There are 2 protein chains.
Amino acid sequence: MPKNKATIQSIADTLGVSVSTVSRVMNGVGKKYRISAKTIAAIHETADKLNYTPNNIAKSLRLKKTFTVGLIIPDISNPWFAKIAMRIEEESRKRGYNIFLCNSNGDITVEKESLKLLENWKVDGIITAPIGIEYSHLLKSYKNGMPLVLVDRFFEKAELPYVSTNDEQGAFDANELLISYGHVNIACIQGLVGTSQNRQRVDGYKKALKKNGLKVEESLIVGSDFGYDNGYNEAKKIIKELHKNKVTAIFSTGNQITLGVLKAFKEESIRIPEDISLISFDENNYSELLYTPISTVSHVDNEIGSKAVAMLFNQINEEETEEVQRILAPTHLIERDSVRRIK
Amino acid sequence: MPKNKATIQSIADTLGVSVSTVSRVMNGVGKKYRISAKTIAAIHETADKLNYTPNNIAKSLRLKKTFTVGLIIPDISNPWFAKIAMRIEEESRKRGYNIFLCNSNGDITVEKESLKLLENWKVDGIITAPIGIEYSHLLKSYKNGMPLVLVDRFFEKAELPYVSTNDEQGAFDANELLISYGHVNIACIQGLVGTSQNRQRVDGYKKALKKNGLKVEESLIVGSDFGYDNGYNEAKKIIKELHKNKVTAIFSTGNQITLGVLKAFKEESIRIPEDISLISFDENNYSELLYTPISTVSHVDNEIGSKAVAMLFNQINEEETEEVQRILAPTHLIERDSVRRIK
DNA sequence: GTGAAAGCGCTAACAA
DNA sequence: TTGTTAGCGCTTTCAC
């Protein structure tokens, strides 16, 4: 807090009026209290002169309301989360609320600390894209009366409101496409095990296989996180064992994984889709501009952020407290050139 | 602020001790004051039982310090800014500080509002990537004693500390490369006019031309913002007038512009670099995986965020108040296949 | 039309 | 070793 010292008190003192008068004027209810136009003008003037900035901290303490919403995101540098964060910020600002941002770094300990912190800051509500492994802390906070909405990821079993996308359906569709094109040995490069996202996508993959009478070969479900390196490494392994695993198509569960796979294929001179087919979760504006335009599952939904904010404010304003709301937005398939028909 | 009611007062009451005792225990200075182990345990226990969460608002008001830094970013959904924001959050957290996030949406009015807001919240310091057109509000705040650091963009004329990259040099290098490969009619697709970034990049372009005895043709400097659509539209125009403008190479000032250009070229069946050469500002992990791997100017510097935080804390802790610090990190050229030698 | 004063939850100087 | 109390800046009830 820098030195700026002006308060309503100091304004009142220099003008010889009371703090209540200044407070009223600063809050724009001057004429409602029939304070003389002269006084109002004088107050504004000295406020300017003294470089007065209202103290929201004091205001919040007094009002027991901070006009602030806390946001916990695993990684804002991920465009997907960043886009959601942006919408949340915008929508909150429209309602006169500000954002307290916390990165959880994909680390459950940091997530828990961040939650505690936001509670300490007495934010009016919390929106979070949880790591997705544990939720007792979130549930506790929510049960304790903290307005809370989950975005992007959720917990099937918990009584926690969320807005997310139906990744399982998306994954299912992608793999059905692969199967309909004749692929049987499909590798799945998964993301962070234990997250709802990963579970949904892998489940969609499995369901598509089963529904089409194919056996789920656990050794074909590989990888361990949503990063570029994971994609790169797993792709290299798959290529090396092509004679053994007979893989003809890969289902990548995330955009960074896909980029890693592409890099590996390029290094090994593996052509897409001639040598191997690829379909990926996550649509990006560069997807069609890659050396082979990639077929993707798009779960872009610009409304996720705004829906979450709306849900949160429902809770804050205690409209419809009856039951926890859940929204699952649909995904859709974008077909390009990365999948080859082999039958 | 949800209902949670426990305060140190209520803990004190239920235990029949004083608030100071509770305060001391909650702040971990219990034994320093030789409070009995029994009391300490009892306090922690009831705190737990009552679901006590410390009130940072009250604490801040009392201490006149919020342990909070404000961050104003034009567009958090831009990976470049998001990465910086992430580092800033991380580094601040390490120091026990939290982030108050404001999106300026590339709108100077919103930027000004955000600044005012952060002042009202009495943040201990501000880091901002300014829109880059006006800076009087920032300067005023800084002169008033608010610790402040600019990132990514800066004002040559203002006495404001910043950490940014030397985009002019990067642009210069890129265009010298083009020229050394025999290109003479080079189009420059610029970003938002008036921003330091754009100015730097366009200046680098001009300098390279001049230094090599080429005339700067203003009609070849086109475009108006850093978006995808701008790249797309301008590329289409350039192609349409190829017989007139004789353009053989394009210098794109940003990654989204480049993606737009690529899309346009693809639609028009323009080959890179056979039909036209392309070099772009901004390296991304997909740059080498595009249908033609793109030569880029990389200004990736993971240290921008952490340097900015370090600078800010210098100010907050009033170490070295003597002069405003400025850092310009170097860029470097990554050559790939998108530039053709024509002489 | 304006003011006095209580109190939001906390810390820390001073007392005991 | 623990307690009492003033006060951070603000809003708002009650009083005049």
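Heavy-atom basis, side chains included; hydrogens, waters and symmetry copies ignored. All figures in this text were calculated on a predicted structure; none of them were measured in a lab. Chain naming here is simple, since letters A, B, ... match the order of the sequence lines and numbering starts at 1 in each.
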- Message: I'd like to know if B/S23 reaches the base of C/dA12 with its side chain such that a donor and an acceptor end up less than 3.5 angstrom apart.
- Response: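 No pair found.
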- A/T21 near the nucleic acid: base, sugar-phosphate alone, or nothing, with a heavy-atom cut-off under 4.0 Å? sugar-phosphate
- Any Lys/Arg nitrogen of B/R93 or B/E90 sitting under 4.0 Å from an Asp/Glu carboxylate oxygen of the other?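 Salt bridge: no.
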- B/T39 vs D/dT2: side-chain N/O to OP1/OP2 distance below 4.0 Å: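 True: B/T39 side-chain N/O within range (under 4.0 Å) of D/dT2 OP1/OP2.
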- Distance test, side-chain N/O of B/K64 to OP1/OP2 of D/dG9, below 4.0 Å: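 Yes, within the criterion.
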- Interatomic distance where NZ belongs to A/K32 and P belongs to C/dT2 [whole Å]: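 After rounding, the reported distance stands at 16 Å.
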- Query: Whole-Å distance between D/dT5 P and B/Q9 CD?
  - Reply: 12 Å
- Task: Grab the CH2-C1' distance between B/W121 and D/dC10 for me, whole Å please.
- Result: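 B/W121 atom CH2 is separated from D/dC10 atom C1' by 12 Å.
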- Is there a donor N/O on one and an acceptor N/O on the other, under 3.5 Å, for the side chain of A/R24 and the base of C/dG1? no
- Have a look at B/V17 and say if it touches a base, only the backbone sugar-phosphate, or nothing, with a 4.0 Å heavy-atom cut-off. sugar-phosphate
- Query: What distance separates A/D75 CG from B/E89 CD, expressed to the nearest 0.5 Å?
  - Reply: 10.5 Å
- With the side chain of A/S20 defined as its heavy atoms from C-beta on, choose the nearest nucleotide among C/dA12, C/dC10, C/dG3. C/dG3
- Item | Nearest-0.5 Å distance, CZ of residue B/R153 to OG1 of residue B/T165 | 11.0 Å
- Using a strict 4.0 Å threshold on nitrogen-to-oxygen distance, state whether A/E134 and A/K112 make a salt bridge. yes
- Which of these nucleotides, D/dG9, D/dT12, D/dG3, is closest to any side-chain atom of A/L63?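 The listed nucleotide nearest to A/L63's side chain is D/dT12.
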- Message: Can you tell me if A/T7 touches the phosphate of D/dG9, counting only side-chain N or O atoms and a distance under 4.0 Å to OP1 or OP2?
- Response: no
- Message: With nearest nucleotide decided by heavy atoms, which residue, A/A58 or A/I35, maps closer to the 5′ end of DNA chain C?
- Response: A/I35
- Task: Measure from CD1 on B/I40 to P on D/dT1 and round the result to the nearest Å.
- Result: 10 Å
- Message: With a cut-off of less than 4.0 Å, is there a side-chain N or O of A/Y33 near OP1 or OP2 of D/dC14?
- Response: no
- Message: With a 3.5 Å cut-off and heavy atoms only, can you find an N or O donor on one side and an acceptor on the other between the side chain of A/S36 and the base of C/dT2?
- Response: no
- Among the nucleotides C/dG9, C/dA5, D/dC10, which one has an atom lying closest to any side-chain atom of A/Y52?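 Selected nucleotide (nearest to the side chain): D/dC10.
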- Message: I need the CG-P distance between A/N56 and D/dC10, as an integer number of Å.
- Response: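 Value for this atom pair: 10 Å.
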- Query: Can you check the A/R34 CZ to C/dT2 C1' distance for me, whole Å?
  - Reply: 11 Å
- Message: Output the rounded distance in Å from CD1 (A/I57) to C1' (C/dG9).
- Response: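 From A/I57 CD1 to C/dG9 C1': 13 Å.
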- Message: Can you confirm whether the side chains of B/S306 and B/E303 place a donor and an acceptor under 3.5 Å from each other?
- Response: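 B/S306 vs B/E303: donor-acceptor pair found between side chains.
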- Query: So is A/R95 actually on top of A/F313's ring, under 6.0 Å and inside 45° of the axis?
  - Reply: yes
- Task: Could you tell me the separation between the CG atom of B/L61 and the C1' atom of C/dG9, rounded to a whole number of Å?
- Result: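 So the two atoms are 9 Å apart, to the nearest Å.
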